[in-house]
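Everything below concerns the one structure shown next.
Numbering starts at 1 and runs along the sequence shown.
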Amino acid sequence: MGVDILQAMDVEYLQPDMPSKKNEILQGTLDLLILTTLKRGAQHGYALSLAIRANSGDYLLVETGSLYPALHRLERKGWVSSEWKQTEANQRAKFYRLTPAGRKQVITEQSRWKELVEAMAGVLNPARES
């Protein structure tokens with residue numbers, strides 16, 4: 001199955017010794033980041049954003065303007081559910097967790113990502129003909 005590389009979204013990349021800048025990444029990548037991060041357990045949006053940033057070595061910064069619409073979209077698809085709870089700081093926050101359908105979708109999305117990485121590697125490093 002092919003990927004339409006023209007469908008993209010904005011995510012900010014934080015690069016060492018460089019000012020932050022916005023770049024485009026493939027649409028669906030944010031979904032994969034969220035679903036994979038939620039595999040580790042339920043989190044509220046801010047903690048989810050921090051986890052993605054930390055797990056990417058401070059390379060990816062998912063802004064609230066991208067994060068919450070993505071969470072709501074994943075909830076509408078039935079891959080994520082939410083409930084209001086108290087945080088450790090005793091503040092009320094919406095916590096998101098994977099549904100059983102979301103756990104299956106993580107596997108599908110990770111498989112698609114691996115296929116994309118292999119396809120990109122083939123373009124970036126084509127095999128030399130003898």
At what distance, to the nearest 0.5 angstrom, does CG of Leu60 lie from OG of Ser49? 10.0 Å
For the residue pair Thr37 / Gln43, report whether a side-chain donor-acceptor contact shorter than 3.5 Å exists. no
CG on Leu30 to CG on Leu67, rounded to 0.5 Å: 6.5 Å
In terms of hydrophobic clusters joined by side-chain contacts under 4.5 Å, are Phe95 and Ile52 together? no
Just wondering, do Asn55 and Arg40 contact through their side chains at under 4.5 Å, heavy atoms? yes
Got Val80 and Arg97 here, is their nearest side-chain heavy-atom distance under 4.5 Å? no
Indicate the atoms forming the closest heavy-atom contact of Leu38 with Tyr96, along with that distance. CD2-O, 3.4 Å
Look at the side chain of Ser111 and the backbone N and O of Ile107, then say whether any donor-acceptor pair between them is shorter than 3.5 Å. no
Single-linkage hydrophobic cluster, 4.5 Å side-chain cutoff, Tyr46 and Leu33 together: no
Report the C-alpha distance between Lys104 and Thr108 in whole Å, list the side-chain angles of each, state the deciding distance to 0.1 Å, and finish with yes or no for side-chain contact (heavy atoms from CB on, under 4.5 Å). CA-CA 7 Å; Lys104 290 179 184 175; Thr108 300; 5.7 Å; no
Rounded to the nearest 0.5 Å, the CG atom of Leu74 sits from the CG atom of Leu35 at a distance of 5.0 Å
Does Val62 offer a backbone N or O that forms a donor-acceptor pair with the side chain of Ser66 under 3.5 Å? no
Pair Glu109 + Arg112: basic N to acidic O under 4.0 Å: yes
Path from Val117 to Met120 over hydrophobic side-chain contacts below 4.5 Å: yes
Answer yes or no: is there a side-chain heavy-atom contact under 4.5 Å between Leu48 and Leu71? yes
State the OG-NZ distance between Ser82 and Lys94, to the nearest 0.5 angstrom. 4.0 Å
With rounding to the nearest 0.5 Å, note down the distance linking CD in Glu63 to OH in Tyr68. 12.5 Å
Separation of Arg92 CZ from His44 NE2 (nearest 0.5 Å): 14.0 Å
So, does Thr99 use its side chain to make a donor-acceptor pair with the main chain of Trp79 at under 3.5 Å? yes
Can you name the nearest heavy-atom pair linking Gly78 to Ala101, along with the distance? O-CB, 3.8 Å
